[in-house]
Amino acid sequence: MRPLVAGNWKMNGLTAQLAEAMMLADGLAAGTPPVCDVMLCPPFPLISALVHVVKGRSILVGAQDCHAKASGAQTGDVSAEMLADIGASAVIVGHSERRADHGERDSDVKAKAEAALRAGLTAIVCIGETAGQRAAGLTLEVTGRQLAGSLPKGATAANTVIAYEPVWAIGTGLTASTADVAEVHAFLRRRLSELSPGNSDKLRILYGGSVKPANAKELMAVPHVNGALVGGASLKAADFLGILLGYRI
Ligand code: PGA
């Protein structure tokens, strides 16, 4: 299965940030091509421009959220169809920051993921436990419940990607140990075989949470880790290229 390394710019980046995407494209073109898909997910206002900038280059463009409906009286929201229309090929749904800041529940995340599929986008479905849940020994219970509740109907390896991101590792510089990552990813793989038989062994499960050039190779080598969702380190082309180095063989 071809891994995916996706950069989530979050609410960062004015138009000047597009220069980093150009540097990333140039950096990728300069050496051996990585044996993984590479994606950038900028804020909504930069999607169109980024699609234009990376046209013909080996970088996919995704969004960070979408509404479940295709259109309607939803002031300020953006539909999956709108994202597909401007050239995005994927959308992150259920990121822990949206779950926390906007009260998104598994059922909301599932509806958004199904909207993504309806529009022909790849849904990148995020799950992950908080520090408190991990300390209470609830990691597998929580991530298993989130996976079952957020997985879109009709999920296949071609249209859905899971991103396991321990909440306490996001933006903190802390990463889960490779043993902990291995345990959760193997568990999610087993759960997928129950939830989506026939697709489970091909569906990509990304790790996210303070992935950096210094730790990427080790994390990406963990069994059932099929790439990364990268926040802070995706904002600088040099850092992102450093993370991708492990996939350039
Ligand atoms: P981080 O963010 O790499 O800055 O920890 C990851 C994410 O939230 O997707």
Side-chain angles (χ1 to χ4, degrees), residues 3-13 17 20-21 24 36-44 46-47 50 59-66 88-104 109 112-113 116 121-131 133-134 139 142-143 146-147 150 160-178 180-181 184-185 188 204-220 222 225-247:
L4 166 66
V5 179
N8 172 10
W9 283 0
K10 309 195 179 183
M11 198 173 72
N12 296 294
Q17 174 69 17
E20 293 292 332
L24 176 65
C36 66
D37 291 335
V38 179
M39 184 185 290
L40 289 176
C41 302
F44 289 135
L46 291 183
I47 291 177
L50 183 63
I59 297 177
L60 301 163
V61 179
Q64 300 170 16
D65 181 45
C66 67
S89 60
V91 59
I92 298 168
V93 292
H95 190 281
S96 65
E97 285 152 13
R98 293 208 61 87
R99 289 178 186 262
D101 297 349
H102 301 271
E104 292 188 8
V109 177
K112 289 177 179 218
L121 301 177
T122 298
I124 302 175
V125 180
C126 300
I127 58 175
E129 83 286 0
T130 63
Q133 289 164 336
R134 174 162 284 272
T139 299
V142 167
T143 52
Q146 289 177 331
L147 182 68
S150 309
T160 303
V161 173
I162 306 301
Y164 167 58
E165 300 199 298
V167 177
W168 50 270
I170 294 177
T172 57
L174 302 170
T175 45
S177 70
T178 50
D180 289 342
V181 174
V184 177
H185 279 243
L188 295 174
R204 292 178 286 193
I205 309 175
L206 314 184
Y207 171 78
S210 299
V211 177
K212 313 231 170 307
N215 61 23
K217 202 167 177 186
E218 188 184 32
L219 287 164
M220 297 306 103
V222 172
V225 172
N226 314 118
L229 185 54
V230 184
S234 70
L235 289 167
K236 289 265 167 261
D239 291 341
F240 206 38
L241 285 165
I243 287 170
L244 290 164
L245 211 56
Y247 285 118

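Position 1 is the first residue of the sequence; numbering continues from there. Side chains included, hydrogens not; waters and symmetry mates left out as well; all remaining heavy atoms used. For ligands, and for the atoms within them, numbers begin at 1 and follow the listed sequence.
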Numbering as shown, the atoms of ligand 1 that approach Asn8 to under 4.0 Å (heavy-atom distance): 9 (O)
Nearest heavy atoms of Leu40 and Ala21, plus distance in Å: CD1-CB, 3.8 Å
So for atom NZ, which belongs to Lys212, do other residues, nucleotides or ligands contribute more than 12 heavy atoms lying within a distance under 6.0 Å? yes
I'd like to know whether ligand 1 has Ala169 as a neighbour, heavy-atom separation below 4.0 Å. yes
Glu165 N/O under 3.5 Å from ligand 1 N/O: yes
Check whether any side-chain heavy atom of Glu104 sits under 4.5 Å from a side-chain heavy atom of Asp65, and report yes or no. yes
Assess the side chains of Thr130 and Gln133: does a donor N or O sit below 3.5 Å from an acceptor N or O? yes
Residue His95 vicinity, atoms of ligand 1 by number, heavy atom under 4.0 Å: 7 (C), 8 (O), 9 (O)
Atom 4 (O) of ligand 1: closest protein heavy atom, distance to 0.1 Å, is Gly232 N, 2.8 Å
Would Gly231 count as being in polar contact with ligand 1, using the rule that some N or O on each side must be under 3.5 angstrom apart? yes
Side-chain donor/acceptor of Asn226 to backbone N/O of Ile205, under 3.5 Å: yes
Less than 4.5 Å apart, side chain to side chain, heavy atoms only: is that true for Ile124 and Val93? no
Nitrogen or oxygen atoms of Gly171 and ligand 1 under 3.5 Å apart: yes
Looking at ligand 1, is there an atom of it that comes within less than 4.0 Å of some heavy atom belonging to Lys10? yes
Which ligand 1 atoms, with their elements, are less than 4.0 angstrom from a heavy-atom of Leu229? 9 (O)
What do you reckon, does Ser210 have a nitrogen or oxygen under 3.5 Å from a nitrogen or oxygen of ligand 1? yes
Test item: Arg204 and Pro3 side chains (from C-beta on) under 4.5 Å apart, heavy atoms: no
Ile127 and side-chain contact (heavy atoms from CB on, under 4.5 Å): which single residue from Glu165, His95, Arg99 fits? Arg99
Please verify whether a non-hydrogen atom of Ala233 lies at under 4.0 Å from ligand 1. no
Would you check if there is a donor-acceptor pair between the side chains of Tyr164 and Glu129 at a distance under 3.5 Å? yes
Would Gly208 count as a contact residue for ligand 1, given that I'm defining contact as a non-hydrogen atom of the residue lying under 4.0 Å from a ligand atom? no
Gly209 heavy atoms, cut-off 4.0 Å: which ligand 1 atoms fall inside? 5 (O)
If we set the cut-off at 4.0 Å for heavy atoms, which region of Ile170 has an atom near ligand 1: side chain, backbone, both, or neither? both
